[in-house]
Protein chains: 2
Amino acid sequence: MRRFAKKDFPVSEIRRFLEPGPIVLVSSAWKERTNIMTMGWHTVMEFAPSLIGCMISGSNHSFDLIRKSRECVINVPTVDLAPTVVDIGNCSGSDVDKFAKFCLTPAPAAKVKAPLIAECFAGFECRLADARLVERYNFFVFEVVKAHVAPAPRYPKTIHYRGDGLFMLSGRTTARWRKRFKPHML
Amino acid sequence: MRRFAKKDFPVSEIRRFLEPGPIVLVSSAWKERTNIMTMGWHTVMEFAPSLIGCMISGSNHSFDLIRKSRECVINVPTVDLAPTVVDIGNCSGSDVDKFAKFCLTPAPAAKVKAPLIAECFAGFECRLADARLVERYNFFVFEVVKAHVAPAPRYPKTIHYRGDGLFMLSGRTTARWRKRFKPHML
């Protein structure tokens, strides 16, 4: 599978890739263990600091790794990885090493111990910023402390989950309505 | 503009329309005033009760209406409404009646006082479920208490914001990978 060479990207602008709502792969590490989970329930929460809120169910093996390490990487896969994304969601990291099983390449992050996934076009290094809603909702607020994005293609085709086994694929990106925006509302 | 006749839809299945990450229009009402705001920062949080988390900035006129009424409707627009969606985000409800200004039709909701927007293909009636992160992040947790969705088209073309005046349009919906899912992971 294709590996993406990534460049530094401004953390305050990661909405470019997350706000449209793609399925992401969350990688985590704790002591000698790593894991990957599929996640569709996330939202941008702030530009600076760059905050992302997301749901990580307590039934996931990743939940423990992330709660203990207080870190993760949010990776954005392209449509080519769709079968792998589904298979990752089908099994538990308590049974298998998902990097090995799915032939994914862990790449070192700069500021967290969780690895990036080389086969994803973007990776956002995250530190836990607020755990107040974890107990009640499994809702984590992360600060993105470093962002890596492949320079090309500019807007890769992403997959967006609808439930019931259905994916919406991303369509084209357009600046058609850009001039309607008031500059401070961009 | 086209108005959509909607039917009842199971509140536990609204991820079908929100999880892919579209821009939505949030309508609200308090005493004699109504308002509409454009929102891109939201996430599904639970199936039952049906919970949605979202960011509503304190600088929005809608913030006050929603905090006081503890209710809103999350409406999902199609690409035809894109210019209106932008214009709604460009102005404040403290200055204008947005339903009147943008020729949108308020339709009565069943369980909340905020109106649905007839020109949107889906409307989700919401009650505030948790305000604990409102003060710190402007993050509201809503319970969807009733859902209305137009039966056709099944998956209308939605708009997904990237920031910087750029919209991603939704592409096709596919069941291509459905049989890979373990049944309990659908």
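From a predicted model like this one, the values you see are computed outputs, not experimental measurements. Chain naming here is simple, since letters A, B, ... match the order of the sequence lines and numbering starts at 1 in each.
Within 6.0 Å of the NZ atom in Lys101(A), the count of heavy atoms belonging to other residues, nucleotides or ligands does not exceed 12. Within a 6.0 Å radius of NZ in Lys157(B), more than 12 heavy atoms belonging to other residues, nucleotides or ligands are found.
Interface remark: Asn90(A) contributes backbone and side-chain atoms alike to the contact with chain B (heavy atom separation under 4.5 Å). For a residue to count as touching a neighbouring chain, one of its non-hydrogen atoms must lie under 4.5 Å from one of that chain's; by this rule Phe139(A) touches chain B with the side chain only. For Met45(A), the parts sitting under 4.5 Å from any heavy atom of chain B are the backbone and the side chain alike. Proximity to chain B is limited to the side chain of Leu133(A), based on heavy atoms less than 4.5 angstrom apart. For Leu18(B), no part lies under 4.5 angstrom from a heavy atom of chain A.
At a threshold of 4.5 Å between non-hydrogen side-chain atoms, the residues Arg15(A) and Tyr161(B) count as touching. At least one side-chain heavy atom of Tyr137(B) sits less than 4.5 Å from a side-chain heavy atom of Asp130(A). The side-chain heavy atoms of Pro83(A) and Trp177(B), taken from C-beta on, include a pair separated by under 4.5 Å. Side-chain contact between Thr174(A) and Leu166(B): absent, with no pair of heavy atoms (C-beta onward) separated by less than 4.5 Å.
When all heavy atoms are compared, the tightest approach of Met185(B) to Gly89(A) is CE-O, 2.5 Å. Scanning both residues, Trp41(A) and Glu19(B), for their nearest heavy atoms gives NE1-OE1, 2.7 Å. Shortest non-hydrogen contact noted between Thr43(B) and His42(A) is OG1-N, 3.0 Å. When all heavy atoms of Arg132(B) and Arg136(A) are compared, the pair lying nearest together is NH2-CD, 2.8 Å.
Looking only at distances, no side-chain donor or acceptor of Asp164(B) sits under 3.5 Å from a matching main-chain atom of Leu186(A). Looking only at distances, no side-chain donor or acceptor of Arg178(A) sits under 3.5 Å from a matching main-chain atom of Gly165(B).
Of the listed residues (Pro22(A), Gly40(A), Ser57(A), Ala175(A)), the one with the most heavy-atom contacts under 4.5 Å to chain B is Gly40(A). Chain B forms more heavy-atom pairs under 4.5 Å with one residue of Glu46(A), His160(A), Met168(A) than with any other, namely Met168(A). Contact tally against chain B (heavy-atom pairs below 4.5 Å) for Cys91(A), Pro20(A), Gly171(A): the top residue is Pro20(A). The candidate with the highest count of non-hydrogen atom pairs below 4.5 Å against chain A, out of Cys54(B), Gly21(B), Pro183(B), Gly53(B), is Gly21(B).
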Go through the steps to decide whether Tyr155(B) and Arg162(A) satisfy the test side chain to side chain contact (heavy atoms under 4.5 Å, CB included), and finish with yes or no. CA-CA 10 Å; Tyr155(B) 300 116; Arg162(A) 291 192 181 277; 3.5 Å; yes
